[in-house]
Q: 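Dropping a structure here in structure tokens format, bear with me for questions.
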Amino acid sequence: MCGIVGYIGPRNVKNVVVGGLAKLEYRGYDSAGIAAIDNGNIKVVKSVGRLANLEAKLADSPVDGQAAIGHTRWATHGKPSDENAHPHQDCSGRFAIVHNGIVENYLSLREELVAAGHEFRSETDTEVVAHLIEEMYNGDLFQTMIAVGKRIRGAYALVVIAKDHPDEMIAIRKASPMIIGLGDKENFVASDIPAILEYTRDIYVMEDGEMAILRRDGVECFTLNGEPVSKEVYRVTWDAVSAERGGYPHFMLKEIHEQPKAVRDTLRGRVSDDLNRVTLSEIGLDEEQIRNIDRIHIVACGTSWHAGLVGKVAIEQFARIPVDVEIASEYRYADPIATENTLIIAITQSGETADTLAAMREMKKRGLRVLAITNVVGSSAAREADSVIVTWAGPEIAVASTKAYTTQLAALYLLAVHFGQVRGQIDEAAAHEMIEALDNLPQVVEAVLDTAPQIESFAQRYAHAHDTFFIGRGIDYAVSLEGALKLKEISYIHAEAYAAGELKHGTLALITDGVPVVAIAMQPDLYEKTVSNIVEVKARGAFVLALTWVGNEDLEKAVDEVIYLPKTLPALAPMAAVIPLQLLAYYAAVARGNDVDKPRNLAKSVTVE
Ligand code: F6R
């Protein structure tokens, strides 16, 4: 996820582009850059780090001109650095492009272009597009871009400017978002509406597979084959603040709703087209090394630790490797016992959590191999680990983690199946069934989001509660822990998660009339046992909200309210069950008037011990 902005018109292009990028920093802030056509030449200024660094550079090296493009980066291919910052250029400097998305076939294109004599300056997938334009350019930029579009695979929103075409810019959209802002003798293009809202409220929403030519006096839209498309003007009625959140009142709600895409992006390219195999070449372990792993230690904090608990069940089930899941702040001082074939998996959204990094460093010092699962490509965890699985959730702004958790689950499921296949622990049919179900997860998550009104109503009725309990068995218990944490951190309602069978060993004493209990019953094998525990809390007066799969209407007799979730494989149920729990925490926090995105006493990235 990155942010792009383009402007053609009479205003100061630097002010428009940098101002627009400031509104898109939520999409990434690893580096920023601008390219403008100035006096017949393209001038590029870019800098690693936040936009302020670019602005400092621009103070010494101003850009001006009649058209400009800009970019704020969330690193994917290549670490955050000046060289990897966009815009990227071809060898001759005649073209400049900004890109949001992933060019999946960039390695083969890069090889081809290097063989043809092109010199690359960055490690990005994007730079291949700049050289490809140079290679294929026939004097007609529009036709060249149609041809270039046919050569690149993946998801992209691209904007290109060319020295020979100072009066136009070309924008292409495939899978990554893009809108065009329509002005009077000026036009804009951007990844999102907030970037241009200061100047215009009239926009074209670019559909998947469309491209556009922007000139000062108009915008023409086309299919990727160059056939004209007529577009309707959409008038934006949101205010600027809610526009930054894509129309959602809070980043947390926006991020909850981004989960189908985030999960899809994390799975993309990692399962074969026939859904028979998982490909995780980035883990850098050959088959023999995978077969030799005799134990896994997962280390993480908070929500990432909860993802690890689900990962343990999946890895043990599919790969039959014993897994310990450790809280990093404990593990780092625990003098852990590990064999030389123990694999350390560090899970960290930010890649900067001090305790997780310390645990990684400790085990690296002992010569153990560390695999990081992180959402931030250039983070310390990504740099220091031996290998990395990146979760493609995009920047998570709300302090309460949501899409990071579900993408971490996706990564762990992939790893579990991959290890299981290599170690011969799952047969082809089971692997296919699991990969097919994984592939279907974005649709499952999408369907679960439809339960939001029901959860909102429950949250409003129970927002005054002092204590809440979350219960479940097996993998449902792992999800209960995440549900309780979410509720605590943003609603400030005390919440405890319990393995359902453990209640009667003490906690049942706290269940009195009207105490809300959220019961997760998503495991067919443990279903009857869980129902027995539900009956126990009901008998003490609890108000029980249960989560179970569609078609399990029986449960209605035992509880007060049921939320039905689409059926998926039991191992994947956490992916469905966590969504209502995130929504419950969100709506309870809203009902209590809390600052949802910035809960008290908490920070997004915990870089101190
Ligand atoms: C809870 C939450 C935290 C983080 C924890 C670890 O919603 O966000 O519990 O999960 O601070 O952070 P990362 O994953 O960045 O290491």
Side-chain angles (χ1 to χ4, degrees), residues 2-25 27 31-47 50-73 82 85-90 93-100 126 130 133 141 145 157-172 178-204 206 212-220 240:
C2 301
I4 59 183
V5 181
Y7 174 69
I8 186 158
R11 296 176 201 260
N12 178 297
V13 291
K14 177 235 145 193
N15 290 347
V16 176
V17 168
V18 173
L21 292 179
K23 302 281 187 221
L24 296 182
E25 259 199 315
R27 301 180 66 83
S31 61
I34 180 169
I37 307 183
D38 194 1
N39 277 327
N41 276 314
I42 294 182
K43 178 168 179 185
V44 178
V45 180
K46 51 194 192 174
S47 174
R50 299 195 86 123
L51 199 53
N53 297 3
L54 174 67
E55 289 187 88
K57 270 198 180 171
L58 284 168
D60 294 336
S61 176
V63 298
D64 202 357
Q66 61 255 56
I69 54 178
H71 188 271
T72 180
R73 179 168 186 246
D82 282 356
H86 299 217
H88 288 286
Q89 289 201 272
D90 59 310
R94 280 161 83 190
F95 308 97
I97 62 163
V98 285
H99 167 221
N100 167 34
T126 306
I133 297 170
L141 185 62
M145 290 313 295
L158 282 170
V159 187
V160 55
I161 52 174
K163 194 174 131 171
D164 301 347
H165 302 264
D167 300 324
E168 63 188 38
M169 62 176 61
I170 307 240
I172 307 189
M178 182 181 263
I179 54 103
I180 288 178
L182 306 166
D184 181 18
K185 303 275 182 298
E186 60 179 351
N187 289 297
F188 308 79
V189 57
S191 299
D192 201 357
I193 295 167
I196 55 151
L197 210 50
E198 191 181 334
Y199 308 106
T200 179
R201 288 182 168 271
D202 290 336
I203 65 162
Y204 287 154
M206 296 286 281
I213 307 179
L214 285 83
R215 302 191 182 88
R216 274 188 180 215
D217 54 3
V219 175
E220 290 176 274

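In what follows, residues are counted from 1 in the order of the sequence shown. Hydrogens, waters and symmetry mates play no part in the numbers below; they use all other heavy atoms, side chains included.
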Q: Roughly how far apart are I179 CD1 and I203 CD1, rounded to 0.5 Å?
A: 5.0 Å
Q: Give me the one residue out of I69, I97, L141, V160 that meets side chain to side chain contact (heavy atoms under 4.5 Å, CB included) with M169.
A: I69
Q: Rounded at 0.5 Å granularity, tell me how far CD1 in I213 sits from CG in N187.
A: 12.5 Å
Q: Given 3.5 Å as the limit, does a donor-acceptor pair link the side chain of Q89 with the main chain of F95, or not?
A: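 Checked: pair present.
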Q: Counting N and O atoms only, with roles assigned by atom type, does the side chain of E25 sit under 3.5 Å from a partner on the main chain of L51, one being a donor and the other an acceptor?
A: yes
Q: Just do the side chain to side chain contact (heavy atoms under 4.5 Å, CB included) check on V189 and I4 with the steps written out, would you?
A: CA-CA 8 Å; V189 57; I4 59 183; 6.0 Å; no
Q: Taking R216 for its side chain and G9 for its backbone only, find out whether a donor-acceptor pair lies under 3.5 Å.
A: yes
Q: Can you tell me how the ring of H71 sits relative to the ring of H86, calling it parallel under 30°, perpendicular over 60° and tilted otherwise?
A: parallel
Q: Do you know the tightest heavy-atom contact between L158 and H99?
A: CD2-CB, 3.6 Å
Q: Using the side chain to side chain contact (heavy atoms under 4.5 Å, CB included) rule, take V5 and F188 through it: C-alpha gap first, then chi angles, then the decisive distance, then the call.
A: CA-CA 7 Å; V5 181; F188 308 79; over 6 Å; no
Q: Hey, does D90 have a side-chain heavy atom less than 4.5 Å from the side chain of I133?
A: no
Q: For the pair N15 (side chain) and G19 (backbone), establish whether a donor and an acceptor sit closer than 3.5 Å, ignoring hydrogens and angles.
A: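 Pair absent, no side-chain N/O of N15 close to backbone of G19.
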Q: Hey, could you give me the CG/CD1 distance between N39 and I42, rounded to the nearest 0.5 Å?
A: 13.0 Å
Q: Rounded to the nearest 0.5 Å, what separation is found between the CG atom of D184 and the CG atom of D217?
A: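 The distance works out to 10.5 Å.
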Q: Any idea which heavy atoms bring G70 and V17 closest together, and the distance?
A: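 So the two residues come closest at CA-CG1, 3.5 Å.
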Q: For G3 versus L21, what's the shortest heavy-atom pair and its separation?
A: O-CD2, 4.0 Å
Q: Can you list the steps and then say if V13 with Q66 is a side chain to side chain contact (heavy atoms under 4.5 Å, CB included)?
A: CA-CA 7 Å; V13 291; Q66 61 255 56; 5.9 Å; no
Q: Looking at N100 and C2, would you say the former's side chain and the latter's main chain have a donor-acceptor pair under 3.5 Å?
A: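 Yes.
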Q: Considering only heavy atoms from C-beta outward, does the side chain of K163 approach that of N41 to under 4.5 Å?
A: yes
Q: Is the side chain of K23 donor-acceptor paired with the backbone N or O of I196 at a distance under 3.5 Å, no angle test?
A: no
Q: Minimum heavy-atom separation for M206 to A171, with atom names?
A: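 Minimum heavy-atom contact is CE-O, 4.3 Å.
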Q: Could you list the residues that satisfy side-chain contact (heavy atoms from CB on, under 4.5 Å) with K14, not counting sequence neighbours?
A: N12, V18, I34, L58, V63
Q: Any idea which heavy atoms bring A67 and P166 closest together, and the distance?
A: CB-O, 4.1 Å
Q: Indicate the atoms forming the closest heavy-atom contact of I161 with A35, along with that distance.
A: CD1-O, 3.7 Å
Q: Under 3.5 Å, is there a donor-acceptor pair between the side chain of K46 and the main chain of H88?
A: no
